[in-house]
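To start, the structure itself, in structure tokens.
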Amino acid sequence: MKNGIARSPLFYVGDKYKLVREIRTHFPAHINRLIEPFVGGGSVMMNVDANGYLLNDINSYVINLHRMLQGYIGREDEFMNELYTIIDNYELSLSLRSDVVPKNLKVANPKTYYARYNKAGYQRMKADFINGGQQDMQRLYLLLIYGFNHMLRFNGRGQFNLPVGNVDFNLNVQDALTDYFQLVSQKQIEWHNEDYRQFLGNINYQPEDLVYLDPPYLITFSEYNKLWNADTECDLLSLLDNLNEHGINFAISNVTHYRGRTNTLFQEWSAQYHTHSIKSNYISFNDNSIKQFSEVLVTNY
Ligand SMILES: C[S@@+](CC[C@H](N)C(=O)[O-])C[C@H]1O[C@@H](n2cnc3c(N)ncnc32)[C@H](O)[C@@H]1O
């Protein structure tokens with residue numbers, strides 16, 4: 001664990017690993033339940049203490065990966081042995097155990113040798129995962145670890161379609177898994193797999209609950225932003241107004257400025273609450289005035 005912050009072993013695109021230290025300074029000192037409708041890889045819940053956790057994501061693969069990992073708590077060696085068996089079955093490299101990539105491949109492809117070495121095995125593993133009905137979460141976890149940018153990417157027909165990446169199962173992966181097992185074993189977690197409206201609507205809120213939200217951002221680009229538009233954003237903002245009227249604390253992350261675009265919908269809504277600047281990058285364009293990237297946390301307390 002670097003500087004006391006744990007990285008999620010899902011290495012989730014757009015995770016809050018680098019920002020959670022700053023974000024949590026704006027959280028209440030005591031949290032009854034941390035409620036996350038958009039949990040993703042879980043880098044916030046991993047690094048925040050609470051009595052309990054209600055965690056949700058609309059992506060069933062994400063939730064099933066968490067459930068699979070949690071199911072191996074206390075049986076971590078078994079999990080690693082099972083992964084090693086699959087890795088060996090597909091003849092993938094495993095730099096954590098030994099360096100099997102031939103020297104001539106490294107010399108000829110100094111920047112892409114893992115991708116070249118693992119390509120055929122990765123394709124076989126991907127085909128087996130798809131043909132098996134995409135239920136095998138261990139294979140999916142390895143597809144993510146050996147895949148391009150550690151993404152969970154599916155095509156229009158719902159088939160996993162990430163190409164091999166130039167990465168393998170290394171010490172970072174093992175460390176992230178060790179931290180996850182250790183941290184999650186100490187937490188009381190309930191996992192949910194619903195749309196955020198359904199999830200938040202079914203909770204019996206208790207004193208000192210905190211709802212932390214990290215939705216897709218309307219003005220940035222990533223895989224899960226396909227699921228997000230002005231309607232989902234509007235629904236979310238009015239739902240938060242409703243929580244506020246009922247005295248429930250919330251904190252929401254968002255990006256208000258990105259490459260010359262502005263999320264005015266969010267910005268205007270947030271004027272009634274407290275805005276904390278989390279990470280702002282003022283790289284300007286020709287007129288020296290446009291903010292390139294500006295990330296905020298908005299709280300109602
Ligand atoms: C910015 S990511 C969250 C990242 C997370 N904070 C982390 O550190 O890994 C946003 C998440 O929202 C989920 N999502 C998108 N639309 C949703 C919806 N309507 N209801 C619930 N979750 C949704 C996506 O699957 C994605 O995992």
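Each ligand, and each atom within it, is numbered from 1 in the order the structure gives. Along the sequence shown, residues are numbered consecutively beginning with 1. Side-chain atoms are counted along with the backbone in the values below, which use heavy atoms only and exclude waters and symmetry mates.
Side chains of H66 and Y180: a donor-acceptor N/O pair is present below 3.5 angstrom, by distance only.
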N/O to N/O under 3.5 Å, ligand 1 against protein:
from, atom 1, to, atom 2, distance (Å)
ligand 1, 6 (N), D214, OD2, 2.6
ligand 1, 8 (O), K16, N, 3.0
ligand 1, 8 (O), S43, OG, 2.5
ligand 1, 9 (O), G41, N, 2.9
ligand 1, 19 (N), D195, OD1, 2.8
ligand 1, 20 (N), Y196, N, 3.0
ligand 1, 22 (N), I58, N, 3.3
ligand 1, 25 (O), D57, OD1, 2.7
ligand 1, 27 (O), Y12, OH, 2.7
ligand 1, 27 (O), D57, OD1, 3.4
ligand 1, 27 (O), D57, OD2, 2.6

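Applying the side chain to side chain contact (heavy atoms under 4.5 Å, CB included) test to S270 and every residue at least two apart in sequence or in another chain returns F266, T275, V298. The side chain to side chain contact (heavy atoms under 4.5 Å, CB included) search around N32 returns N51, Q206, E208, D209, not counting sequence neighbours.
In summary, the aromatic rings of Y61 and F154 are positioned with their centroids under 6.0 Å apart.
Within the structure, salt bridge (charged side-chain N to carboxylate O under 4.0 Å, His left out) pairs that include any residue of residues 150-160 do not occur (at least two apart or interchain).
Listed for the N155 side chain is a donor-acceptor partner under 3.5 Å among the backbone atoms of Q159.
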